[in-house]
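I have placed the structure first, in the form of C-alpha cells, so that the comments after it can refer back to it.
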Amino acid sequence: MKIHVFLFLGCLALVSARSAQEWKTRVIYQVLTDRLSKQSASSQPCNFLGNYCGGTFQGIISRLDYIQSLGVNAIWISPVVENTDGGYHGYWAKNIYNVNSHFGNSSDLRALVDACHARDIWVMVDVVANHMGNQPGAKDDFSMFTPFNKPEHYHSYCDIQNWNDQHQVEVCRLAGLPDLAQENQYVSDTLVTWIGNLVKQYGFDGIRIDTIPEVSKDFWAKYVPAATVFAIGEVDNGNTQYNANYQPPLDATLNYPFYWTLRDVFTAGHSMREIHDRVEEEKTGFRDRSVLGLFLDNHDNPRFLNLKNDYTQLKNGLAYVLLAEGIPIVYYGTEQGFAGGNDPANREDLWRSSYNRNHQLYQYISLVLKFRAGLPAAYFAAEQIERYVDDQFFAFTRDQVFVATTNIGCCGSITRHITYHPYHEGTVLVNIFDSRDRLTVHSGAFDVVMTQGAPKIYYPQSSLDNGNSQDTEAQTGSMSGAATAGTVVGVVAGIALFALVVFVVLRRRQAAQTRSESIPLLPSSTVAL
C-alpha cells in the first residue's frame, strides 16, 4: 500500500502546477549542474573553474541521497539549453531547442526530474530571456543562434554603462551579450511559447528567471503566466522598492536587499537593527515578502566564508535564512564550508569535498531543516514577529518557534532578557541544538544566553513531546505539517484519477525512450516568423 501511495504522489507531481504558497514549505538547494557531480568517482578538484568541469544530470541523480539527507526538498538547476563555447554555467544560449550535451541529453534531464519527484524533491530550472551567448565574430552576425538569427531580433549594439538609466538597462548589452528585442513580435511569441512547453515537457515545478531588470515588465507579464508554475526572478539590486516593483509581474524575486543586509550584519559587524529596518521596509514595499528567496551565498557573489572566515557567524546567518519568512535557498558547497571569492572561484566543484556528511555545517543545516520539516502548518502561514533587537542581538518568532541570533561571532557570550513573546507562564522552551538547554517562562519573561556566539532555536517542550522531537524516526523524511495534511487529502481525492495519471506518466516515459539523444526542447517551427 505504501508503495502505491508513494508512486501516486510521484506521478501526481508530474502533472500538478506548484503555486507560490506551496513553495513556502520548500527549501531550495541551488546547484550548478556542471559542478555538483560527475559520473566518475574521482574527488580530484577541477583544475580550471572557468570552463566545463564535467558535472551532469546523471551525476545529480547519483547524489540525491546526499541532497535529501541535507534536508532540502527542492533543487534549482542551471539553464539546460545548448550554450556557446565555455558556457558551463548555462547563461550563454546558442540553441534554445537543444539540451546542453555537456550535461547529458533530453532523456537524462527527464530522468533527473522523475528521480527527484519520486523523492518529493521539486525541480526549479533556471531560464534566460534577456540575451543569447557569446558571438565569436562580428557583433552584427547572429547566424550561429537558433532561433534568433536575424539582426531585427536584437537591440542595436550598446553596452550598459549607467545602471540608473532604466531604458539603457533594458536595451543595451550586459557583459557584451547580444540583447534580445522582446518588443519584436516573433521574439516575444517564441520565448513565451518556449517557456510554457519547456515546463510541460519536463515537468518542472518552478522557474528561476535570470536578469529581470534587463527586460521590460510588459514582457514578463506575458512570460510568467505562460510558465504556469512559480516564477522567482533575479533583481540584483539592494534597493527594496526597485525589487518590489517586479512583484508583480513576478511571483517573487530573490531577496537581494536582505542578502546585503545579512552580509553587512554578519560579515562586516553592522548593527543588527539593520535587520529590523529592512523587515519594516519590505513589509510596506513588497506585495508578499513571505515568498521571496532568502540566501547567504550564490554563484554571482563571493561566498560568506570568503568575506568572514567564522563558522559561528555563518551559522547565525543560516539560522535566520532557514527559519525566517521567505523561501530558504542553500547554495551548494555552503554545507561543506566552501569559501571561494569572485566568479568563478565561488563555483567550486562539489566532488572535492567527497560529499562529507559529517562536516559540521552539513550536520548543522540538516538538523535545522529536519526540525523545520516537522513544524505544523501554522508555522508556514505565520508572520515573522520581532521579539528583541539591539546592535548585537536579533530574535524573532514564527508561530511557536523562537530564533535568537547574534553578530558577536566566535567566541563571545551575551545575555538578553525577553519579555515580549507568545508563550504562557510556565512554558518550557528547549534548544533544538542541545536538549539540556531549557528555559522556563517565569513572571512573563526568560533569559537567553548566547554562549560562544552561537545561534539558538527554542521550541516548547510540550510540542516536542507531542511528536516534533528531533529524535523521532518519522521526523527524518517528513514533509511540513501543511504538506503532510495536503498529501492525505490528495491521496483520498485522487485515487479515482490514479489510473489516468499512471497512464500519462507511462506514455511520457515510453516517448522519452524513443527519443534520440539530440531531441530538441521544442521544434523551431512552433512559432511562425
Report task. Considering non-hydrogen atoms only, spot the tightest contact between Cys116 and Val123 and give its length. Result ->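 Closest pair (atom of Cys116, atom of Val123, distance): CB-CG2, 3.6 Å.
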With the threshold set at 4.0 Å, does a side-chain nitrogen-carboxylate oxygen contact exist between [X] and [Y]?
{"X": "Asp310", "Y": "Lys315", "result": "no"}
{"X": "Arg347", "Y": "Asp343", "result": "yes"}
{"X": "Arg289", "Y": "Glu325", "result": "yes"}

Query - Selection residues 403-418 - residue pairs positive for side-chain hydrogen bond (donor to acceptor under 3.5 Å, both in side chains), sequence neighbours left out - result: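 Output for this query lists Asp390-Arg416, His417-Asp447.
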Please check: side-chain N/O of [X] versus main-chain N/O of [Y], any donor-acceptor pairing under 3.5 Å?
{"X": "Gln247", "Y": "Arg287", "result": "yes"}
{"X": "Glu234", "Y": "Thr211", "result": "yes"}
{"X": "Trp23", "Y": "Asp205", "result": "yes"}

When you compare the side chain of [Y] with that of [X], does any pair of heavy atoms fall below 4.5 Å?
{"X": "Leu323", "Y": "Tyr379", "answer": "yes"}
{"X": "Ser78", "Y": "His89", "answer": "no"}
{"X": "Phe230", "Y": "Arg26", "answer": "no"}

Counting the benzene-type ring for Trp, do [X] and [Y] have ring centres under 6.0 Å apart?
{"X": "Tyr331", "Y": "Phe338", "result": "no"}
{"X": "Phe402", "Y": "Phe446", "result": "yes"}
{"X": "Tyr458", "Y": "His421", "result": "no"}
{"X": "Phe393", "Y": "Tyr388", "result": "yes"}

Query raised in the report: Around Lys24, counting heavy atoms of other residues, nucleotides and ligands shown, do more than 12 lie under 6.0 Å from its NZ?
Result: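 Enclosed.
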Requested in this report: Classify the ring geometry between Tyr242 and Tyr246 as parallel (under 30°), tilted (30 to 60°) or perpendicular (over 60°).
Outcome: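 Answer is perpendicular, since the angle exceeds 60°.
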Query raised in the report: Relative to Tyr332, does Arg303 satisfy both conditions: NZ or CZ under 6.0 angstrom from the six-membered ring centre, and within 45 degrees of the ring's axis?
Result: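 Yes, a cation-pi geometry.
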**Report entry** Residues which pass ring-ring contact (aromatic ring centres under 6.0 Å, His included) with Phe258, listed by chain and number, not counting sequence neighbours
**Finding:**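 ring-ring contact (aromatic ring centres under 6.0 Å, His included) check on Phe258 returns Tyr320.
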Requested in this report: Name all residues meeting the side-chain contact (heavy atoms from CB on, under 4.5 Å) criterion together with Cys411; count only those two or more places apart in sequence or in a different chain, and write none if there are none.
Outcome: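 Checked Cys411 against side-chain contact (heavy atoms from CB on, under 4.5 Å); matches are Gln452.
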